[in-house]
Amino acid sequence: MSATGNRRTPLIAGNWKMYKTVSQAEAFIAALLPRVSSLQGVDVAVCPPYLALQALVDSARGSPVQVYAQNMHHAPEGAFTGEVSAPMLVEVGVHGVILGHSERRQMFGETDRALQLKVPAALEAGLVPILCVGETEEEREAGDTERKLRHQVQEDLARVETGRLGEVVIAYEPIWAIGSGRVATPERAQEAIAFVRALVADRSREQAERTRVLYGGSVKSENCGELLCLPDIDGALVGGGSLDPESFAAIADAAASS
Ligand code: 13P
């Protein structure tokens, strides 16, 4: 049994976004490993920029820390300048990949149609996808949160075989909470995350019980305890709070022991 009272192992993933050079990433992992190596009952992942993936995979080998990428193209190879494919990530030893982060959706034109191809491509290559979903402030104020989540979850997972839905990690990241310091209240986070799980259950109850659903948006070591103890929340996707090894390790520790 995990800390959250179910059989899903919580995942604490640090999304570094466009922060840290290779040498900064190496310094981070050297400081993180001793702080998390004895934690039980929690998966810990770091998601650096592409250039630091190899260095982190090498440094984290044999440790409980997994390394994820922040994006990938759906095709295994091709004339797609500037893109990186799933087999390329797998060869480097990457464990998984963040897909559909709101920053990619809003600033780089990531579409639900592209995600429909990316999520199954990641699974097929052996990567764990972390699919990000979430509403804007305007959508929330208009009472459109559930409509937005339903659309994103249904569309983005449409081509995932039902029997593999439980392998997908979903991160609920309300866009208004990202980088704003305005963390969702535990009630709101629990409600939205239970709704996301119910959407997966519409296709398979059994798979929905396996699917890990994370919360993301202004998670810090100071506020993570009240979120991680909620019944449907299986961990966190952490941005700013993952850039410092001590604060990130404290979040992982809270997930292991809450
Ligand atoms: P912050 O934790 O900095 O709000 O970022 C959240 C996020 O976007 C993680 O993917």
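In listed order, ligands and their atoms are each counted from 1.
Side chains of Q54 and D58: a donor on one and an acceptor on the other come within 3.5 Å. Checked by atom type, the side-chain pair Q207/R210 shows a donor-acceptor distance below 3.5 Å.
A heavy-atom distance below 4.5 Å is not found between the side chains of S247 and K220.
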Check: every ligand 1 N/O to protein N/O pair under 3.5 Å:
from: ligand 1; atom 1: 2 (O); to: S218; atom 2: N; distance (Å): 3.4
from: ligand 1; atom 1: 2 (O); to: G239; atom 2: N; distance (Å): 2.9
from: ligand 1; atom 1: 3 (O); to: G240; atom 2: N; distance (Å): 2.8
from: ligand 1; atom 1: 4 (O); to: G179; atom 2: N; distance (Å): 2.6
from: ligand 1; atom 1: 4 (O); to: S218; atom 2: N; distance (Å): 2.7
from: ligand 1; atom 1: 5 (O); to: K17; atom 2: NZ; distance (Å): 3.2
from: ligand 1; atom 1: 8 (O); to: K17; atom 2: NZ; distance (Å): 2.8
from: ligand 1; atom 1: 8 (O); to: H101; atom 2: NE2; distance (Å): 2.8
from: ligand 1; atom 1: 10 (O); to: N15; atom 2: ND2; distance (Å): 3.0
from: ligand 1; atom 1: 10 (O); to: H101; atom 2: NE2; distance (Å): 2.9
from: ligand 1; atom 1: 10 (O); to: E173; atom 2: OE1; distance (Å): 3.2
from: ligand 1; atom 1: 10 (O); to: E173; atom 2: OE2; distance (Å): 2.9

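Counting only residues at least two apart or on different chains, the side-chain hydrogen bond (donor to acceptor under 3.5 Å, both in side chains) pairs with a member in residues 169-182 are H101-E173, E135-Y172, E135-W176, E137-R182. The ring pair (Phe, Tyr, Trp, His ring centres under 6.0 Å) contacts involving residues 28-75 comprise W16-F28, Y68-H95, H73-F80, where partners must be two or more places apart or lie in separate chains.
Not a single side-chain hydrogen bond (donor to acceptor under 3.5 Å, both in side chains) links K20 to another residue, sequence neighbours left out.
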